[in-house]
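Order of listing sets the numbers, starting from 1, for every ligand and every atom in it. Note that the structure is predicted; figures quoted are calculated from it, not measured.
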Amino acid sequence: MEIDWQSLGFGYMKTDYRYVANFKDGKWDEGELSTDSNVVINESAGVLQYAQTCFEGMKAYRTEDGRVVCFRPDLNAQRMIESCKRLEMPIFPEEKFIDAVKQVVSKNIDFVPPYGSGATLYIRPYMFGTNPVMGVKPATEFQFRIFVSPVGPYFKGGIKPITLRVPDFDRAAPLGTGHVKAGLNYAMSLHAIVDAHNQGYNENLYVDSATRTKVEETGGANIIFVTKDNKVITPKSNTILPSITRRSLMYVAKEYLGLEVEEREIGINEIGNFKECALCGTAAVLSPVGKVVDHGKVTEFPSGMDKPGEITQKLYDTLTGIQMGRIQAPKGWIYEIEPAKAIV
Ligand code: PLP
Ligand code: COI
């Protein structure tokens, strides 16, 4: 199989194995690897009628010295547990989650893109209600799966600055599901993203739905800003997804780059004071933002539309350096994957 790693975008490619576990009668079965990429479920399954589903996103990387590693899967496992609790789904234990991730990556090791190709292996764990429901109530049977797919950059052009617009749509209600990775959060963002693309913007920058004055995040990534005195700041909000990339970047900014960091409420009206802006997430990595359009008001960051700002570039280099084994990682961040042994 020949894959042109350099030309990959962020899309689905069928790989050889996926992990499948089923929950029935109050417990998970053993779980197994499967070569079947199709899911067959009842027409009235909870996921199909009432969107009872959540997911995770993480990556495996090929390091400079040829190992395959995964970045902080424990945090994905923990976040999925929070999603499941909020959506009345059974939790999938952290240890089993990490073991399943290792199994799937290991059995698809040839799909992990080479070091330096710019591509990585995206890992998508997810869970959904499988048995029929008619009244609005949780399913009682669920399937947990993990598939992997080699991917390139989320935004075309890689690390080229993008333009966001503040939409006339909300992402998350104050006591809703914005802080968990529920499929429904993404379903309701689809119209907004199509509309943004039609208007020539790369993404939506959502504001808080209670007051529509505070910066939240985009449809698929958290956001950071750099102040004129090089402080890295990020919105504090109960209605955004607690991004693992963002939490890691804030640590890297402080502990590796010696920068001041702050998590605080950020008014949409103050973003003109900042010199750099970037989106962060597993898929987005750290994507520089050159411009934000809030109805008639245009904010152009001094870092411009040609290249990332200086701090954004340093953060990007340090984080990806840690992920790809060029820079010593903090303890517990990197999980090594053993290639699957041939059956003899
Ligand atoms: N915010 C949203 C809405 C997301 O979908 C994602 C992607 O997972 C993120 C933020 C970034 O989170 P993470 O860094 O854990 O991938
Ligand atoms: C991720 O970064 O893993 C995401 O889930 C973002 C998007 C693809 C939904």
Side-chain angles (χ1 to χ4, degrees), residues 8-13 51 53-61 70-83 86 97 101 119-127 145-156 162 164 167 169-173 176-190 192-194 196-197 202-209 215-224 234-253 263 277-287 289 315-316 319-320 322-323 333:
L8 286 178
F10 191 85
Y12 173 79
M13 179 188 293
T53 179
C54 63
F55 69 100
E56 270 304 323
M58 58 218 280
K59 280 177 174 170
Y61 307 84
C70 187
F71 186 69
R72 310 189 79 179
D74 50 328
L75 298 189
N76 292 93
Q78 289 161 20
R79 190 169 63 188
M80 190 159 190
I81 288 173
E82 294 311 309
S83 300
R86 180 64 177 80
F97 181 105
V101 167
T120 48
L121 188 75
Y122 188 70
I123 306 169
R124 174 53 66 84
Y126 58 117
M127 191 194 295
R145 299 177 73 99
I146 304 178
F147 69 79
V148 295
S149 177
V151 295
Y154 191 68
F155 295 105
K156 282 190 210 80
I162 56 170
L164 311 178
F169 303 101
D170 290 327
R171 175 181 175 275
T177 55
H179 62 300
V180 297
K181 215 160 160 56
L184 66 93
N185 293 341
Y186 300 83
M188 54 71 62
S189 75
L190 298 176
I193 191 72
V194 170
H197 289 165
N202 299 96
E203 252 289 5
N204 291 299
L205 175 57
Y206 291 98
V207 289
D208 73 298
S209 33
V215 177
E216 293 254 288
E217 62 174 329
T218 65
N222 277 182
I223 193 163
I224 62 162
T234 192
K236 188 179 177 67
S237 162
N238 294 328
T239 49
I240 63 175
L241 194 76
S243 158
I244 294 159
T245 313
R246 184 251 300 163
R247 286 181 268 162
S248 305
L249 281 167
M250 296 304 269
Y251 182 89
V252 161
E263 196 181 335
C277 174
L279 302 184
C280 60
T282 298
V285 192
L286 189 60
S287 300
V289 175
L315 284 169
Y316 179 91
L319 181 72
T320 54
I322 289 170
Q323 290 166 333
W333 281 23

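Near A283, meaning under 4.0 Å from any of its heavy atoms, are these atoms of ligand 2: 1 (C), 2 (O). Within ligand 1, counting atoms from 1 as listed, the ones closer than 4.0 Å to a heavy atom of G281 are 11 (C), 14 (O), 16 (O). Atoms of ligand 2 lying under 4.0 Å from any heavy atom of G220, numbered from 1 in the order shown and given with element: 6 (C). Near F55, meaning under 4.0 Å from one of its heavy atoms, ligand 2 places the atoms 5 (O). Close approach to Y186 involves these atoms of ligand 2, each under 4.0 Å from a residue heavy atom: 9 (C). Listed by number with element, the atoms of ligand 2 under 4.0 angstrom from any heavy atom of Y154 are 8 (C).
A distance-only check finds no donor-acceptor pair linking the side chain of S149 to the backbone of I123 [under 3.5 Å]. In this structure a side-chain-to-backbone donor-acceptor pair under 3.5 Å is present from N222 to L241.
Counting heavy atoms closer than 4.0 Å to ligand 1, residue R171 contributes side-chain atoms (C-beta onward) but none from N, CA, C or O. At a 4.0 Å heavy-atom cut-off, ligand 2 touches R124 through the side chain alone. Heavy atoms of M58 found under 4.0 angstrom from ligand 1: none, in either backbone or side chain. When heavy-atom distances to ligand 1 are checked against a 4.0 Å cut-off, A221 comes that close only through its backbone atoms N, CA, C and O. The side chain of E217, and not its backbone, has at least one atom closer than 4.0 Å to an atom of ligand 1 (non-hydrogen atoms only; side chain from C-beta on). At a 4.0 Å heavy-atom cut-off, ligand 2 touches K181 through the side chain alone.
Checking only distances, M58 never comes within under 3.5 Å of ligand 2, N or O to N or O. Note: an N/O pair closer than 3.5 Å links Y122 and ligand 2 by distance alone. For the pair T282 and ligand 1, the shortest N or O to N or O distance falls below 3.5 Å.
In summary, the side chains of T218 and N204 do not present any donor paired with an acceptor at a separation below 3.5 Å, with no hydrogens or angles considered. There is no side-chain donor-acceptor pair under 3.5 Å between E216 and Y206. When only modelled atom types and interatomic distance are considered, R124 and Y122 share a side-chain donor-acceptor pair under 3.5 Å. A donor atom on one side chain and an acceptor atom on the other are found under 3.5 Å apart for S248 and R72.
Not a single heavy atom of S248 sits closer than 4.0 Å to an atom of ligand 1. Heavy atoms of R247 come nearer than 4.0 angstrom to ligand 1 in no pair at all.
For G178 against A172, the heavy-atom pair with the smallest separation is CA-CB, 3.5 Å.
Counting heavy atoms only, Y186 comes closest to atom 5 (O) of ligand 1 of the residues F71, Y186, Y154, F55.
Under the 4.0 Å criterion applied to side-chain N and carboxylate O atoms, R79 and E56 are assigned as salt-bridge partners. A salt bridge links R246 with E263: at least one charged nitrogen is closer than 4.0 Å to a carboxylate oxygen.
When L249, D74, N76 are each tested for a side chain to side chain contact (heavy atoms under 4.5 Å, CB included) with I244, only one passes: N76.
For atom 6 (C) of ligand 1, the closest non-hydrogen atom of the protein is G220 O, 3.2 Å. The nearest protein atom to atom 8 (O) of ligand 1, hydrogens excluded, is given as K181 NZ, 2.8 Å; this is a heavy-atom distance.
The distance between the ring centers of Y12 and F147 falls below 6.0 angstrom.
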>> Applying side chain to side chain contact (heavy atoms under 4.5 Å, CB included) to F71 and K59, what does each step give before you reach the verdict?
In response: CA-CA 7 Å; F71 186 69; K59 280 177 174 170; over 6 Å; no
